[in-house]
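Just below is one structure, and these are the notes that go with it.
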Amino acid sequence: MGWGVVVRRGRGCRCDDAECLVMRVVVVPRPDGGGRLRPVGADGTPAGPVEEVDDLAARVAEWERVARPRWVWAATAEVYPELLRAGVRVRRCHDLALTEALLLGWACRHGEPRWWGAAWARLRGGPVPPDPPVRRREEHQPALFETVAAGTPEVDPVEALAAVLADQERRVAEVDHPGLMRLLVAAESAGSLAAAEMTHHGVPWRADAHDALLTELLGSRPPAGALPARLAELAGRVVAAFGGRAVNPDSPADLVRAFAHDGVDLPSTRSWVLREVDHPAVEPLLRYKELSRLYTAHGWSWLESWVRDGRFRPEYVVGGVVSGRWASRGGAALQVPKVVRRAVVADPGWVLVVADAAQLEPRVLAALSGDRGFARVAGEGDLYAAVAEEVFGGDRKRAKLGLLSAMYGGTSGGAGPLLAVLRQRFPEAMGFVEAAARAGEEGRVVRSRLGRTSPPPSARWHAVIERGADPGAGEAEKRQARRVARDWGRFTRNFVVQASAAEWALVLVAVLRQRVGRWAGSAELVFFQHDEVMLHCRREVAEDVAEAVRWAGVEATRWVFGSTPVRFPLEVSVVDCYADAK
DNA sequence: AGACGTTGCGCC
DNA sequence: AAAGGGCGCAACGTCT
């Protein structure tokens, strides 16, 4: 899709001026704790001698004290955890790998080899080697800088990183809106620092409370290989309800057969399907599924693997989702079930500050589209209620359904007529997502507010589309082509909203992280999940921290959307226990 | 036995 | 209430 559909230039990014004067220092660590550093200009040219040090952390801390540079390194995830373990924090960085992914994406070269391929091409020409494999927590793999050093002994890694930096600066300047892309690069890099710091600090987690919760719901911990008492009992009730027929409640196929035997035909055993069925097995089965999930996903073995010394330390994968949302590795960090939040308890004398952006995505759509009518309702505290008031005679449910369908591309559940009304009332907002959907259906890419780009559809996708367009195509082929086109349209429709929402949240984290630095030792960001942040802080500073979060929301709005009537309210709770938030 | 795809469900 | 978008994970089941 045309860039113009998605991004109208807002307020310029401050990185354009002051930030760019910040000194950059390239860092290449050695496995033994030493490393090499070199100050460089934005164009990668040396601004000082190479330093070779045996205690990299100490040297970084010293630089940080006197010059507050922007650290330039291959990947925060490979460099920063070690610094944190040595007690060293940094204010800002430029993550070359993350930036490379953003820039490759912008040029519709998603998935191509990243930074060191670019370095190679720039320094030596010739074929571009593939990326090193993704680093796994459990196994040691060579870090990026080691790989480049091993593969190209004649290339100084410091020189290589400086070259990549220069290359990236040049490419950023060539995008349609360099100021927005600079903001994205800065926020992505700041996010990588926040992610490493959150992993380092961890979410306060009371293993005893978790164990008590499990025991209450499942019975005491069973010996290895045995089912907890409560699950065994429910499984027994399921079997009894089928007249003693042997049924494994964990096996969908088994269940479908058992229900069929009793004259109940099921398309699947999903819980919402079962809920509609009148059969004595349903009630114990639903309860079994619910508790079984708790047991397998967040039971005692989860607790043993993931909680140490009163902290849950998930590993975040910054930019791990195509939309720019973060993913996580291990521990299912971004899926902590509501019941388990009982175990997330602040240390004595400390509290949790939990903040959640209310109705973030429709607000983002309002700001993106510039629809004045929609922006006006998005200036209200309850956007859905405001839309309901204006359009649906106060029916908030219908307002919510209609708006979610507009952003996700759904038409089921009677959303069709609601969409027609919304289209009439908010033509620019609805036109915005529909233009994004059309772009996807036609195989074009779309971009977020700051310039993150959707992946182009695969060759297979194009093949299906072309087969459907062939004059000799059969009905089935045409239908399939229409379906995959619509599917991709739903993806791009959602991408523009979800990716821009992720940017707002990312900038919030970036500015909040800077602000929280003033309470070093007394307040920590400990968790971030799409539109929600959690801080762990001393009780005395809780109100100040809560205020900082609200301020960060306002800042994020200004940075990402400039001047807009749209409000992005945060629901902030100060609690002892995560389960009590909101 | 291990790889892979499917099913189902937790979160936003 | 679910369905539309995005994920991670565990268990089942099939294939190799």
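Below, each value reflects all heavy atoms present in this structure, side chains not excepted, and no hydrogens, waters or symmetry copies. First the proteins, then the strands, lettered A, B, ... as listed; each starts at 1.
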First encountered from the 5' end of DNA chain C, between A:Phe491 and A:Ser271: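 On the 5' side of the pair lies A:Ser271.
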Toward the 5' end of DNA chain C, by each residue's nearest nucleotide, A:Arg293 or A:Arg270: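 The residue whose closest nucleotide sits nearer the 5' end is A:Arg270.
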Least distance between heavy atoms, A:Trp326 atom then A:Gly191 atom: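 For A:Trp326 versus A:Gly191, the nearest heavy atoms are CH2-O, 3.4 Å.
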Have a look at [X] and say if it touches a base, only the backbone sugar-phosphate, or nothing, with a 4.0 Å heavy-atom cut-off.
{"X": "A:Gln498", "value": "base"}
{"X": "A:Arg493", "value": "nothing"}
{"X": "A:Arg486", "value": "nothing"}
{"X": "A:Leu401", "value": "base"}
{"X": "A:Val497", "value": "nothing"}

Atom-pair distance ([atom1] on [X]; [atom2] on [N]), nearest Å:
{"X": "A:Asn494", "N": "C:dG5", "atom1": "CG", "atom2": "P", "value": "8 Å"}
{"X": "A:Leu231", "N": "C:dA10", "atom1": "CG", "atom2": "P", "value": "16 Å"}
{"X": "A:Asp487", "N": "C:dA3", "atom1": "CG", "atom2": "C1'", "value": "14 Å"}
{"X": "A:Leu285", "N": "B:dC9", "atom1": "CG", "atom2": "C1'", "value": "13 Å"}
{"X": "A:Glu315", "N": "C:dC9", "atom1": "CD", "atom2": "P", "value": "11 Å"}
{"X": "A:Phe528", "N": "B:dC12", "atom1": "CZ", "atom2": "C1'", "value": "10 Å"}
{"X": "A:Arg398", "N": "C:dA3", "atom1": "CZ", "atom2": "C1'", "value": "17 Å"}
{"X": "A:Lys289", "N": "B:dG10", "atom1": "NZ", "atom2": "P", "value": "9 Å"}

Indicate yes or no: does [X] engage [Y] in a salt bridge with an N to O separation below 4.0 Å.
{"X": "A:Arg206", "Y": "A:Asp208", "result": "yes"}
{"X": "A:Arg342", "Y": "A:Glu216", "result": "no"}
{"X": "A:Arg245", "Y": "A:Asp262", "result": "no"}
{"X": "A:Arg275", "Y": "A:Glu290", "result": "no"}

Close N or O pairs between protein and nucleotides 11-16 of chain C (under 3.5 Å):
residue : atom : partner  : partner atom : Å
C:dG13  : OP1  : A:Ser251 : OG           : 2.4

Base C:dG8 to side chain A:Gln335, donor-acceptor N/O within 3.5 Å cut-off: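 Indeed, a donor on one side and an acceptor on the other fall under 3.5 Å apart.
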Terminal axes of the helix from B:dA1-C:dT16 to B:dC12-C:dG5 (five pairs each): angle between them, nearest 10 degrees: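 Rounded value for the end-axis angle: 10°.
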Stacking check A:Tyr408 vs C:dG5 (5.5 Å / 30 deg):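 So A:Tyr408 counts as stacking on the base.
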Considering just the side-chain nitrogens and oxygens of [X], establish if one lies under 4.0 Å of OP1 or OP2 belonging to [N].
{"X": "A:Arg490", "N": "C:dG4", "result": "no"}
{"X": "A:Arg329", "N": "C:dC9", "result": "no"}
{"X": "A:Lys338", "N": "B:dC12", "result": "yes"}
{"X": "A:Trp272", "N": "C:dA3", "result": "yes"}
{"X": "A:Thr269", "N": "B:dG8", "result": "yes"}

Sequence neighbours excluded, every pair satisfying salt bridge (charged side-chain N to carboxylate O under 4.0 Å, His left out) that has a member inside residues 399-425 of chain A: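 Passing the test, one end in residues 399-425 of chain A: A:Glu390-A:Arg425, A:Arg423-A:Glu434.
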Test side-chain hydrogen bond (donor to acceptor under 3.5 Å, both in side chains) applied to A:Arg447 and A:Thr453, step by step: CA-CA 4 Å; A:Arg447 303 189 201 276; A:Thr453 306; 2.7 Å; yes
Residues forming a salt bridge (charged side-chain N to carboxylate O under 4.0 Å, His left out) with A:Arg270, sequence neighbours excluded: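 Partners of A:Arg270 by the salt bridge (charged side-chain N to carboxylate O under 4.0 Å, His left out) criterion come out as none, since no residue qualifies.
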Approximate separation, where rounding is to 0.5 Å, of A:Leu418 CG and A:Arg398 CZ: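 So the CG of A:Leu418 and the CZ of A:Arg398 are separated by 5.5 Å.
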Set of residues satisfying side-chain contact (heavy atoms from CB on, under 4.5 Å) with respect to A:His201, sequence neighbours excluded: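 If we apply the side-chain contact (heavy atoms from CB on, under 4.5 Å) test to A:His201, skipping adjacent residues, the hits are A:Arg311, A:Glu524, A:Val526, A:His536.
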Compile the donor-acceptor pairs under 3.5 Å between side chains in residues 501-509 of chain A and protein atoms, sequence neighbours left out, one pair per line.
residue  : atom : partner  : partner atom : Å
A:Glu503 : OE1  : A:Ser448 : OG           : 3.2
A:Glu503 : OE1  : A:Leu450 : N            : 3.0
A:Glu503 : OE2  : A:Ser448 : OG           : 2.5
A:Trp504 : NE1  : A:Thr557 : OG1          : 3.0

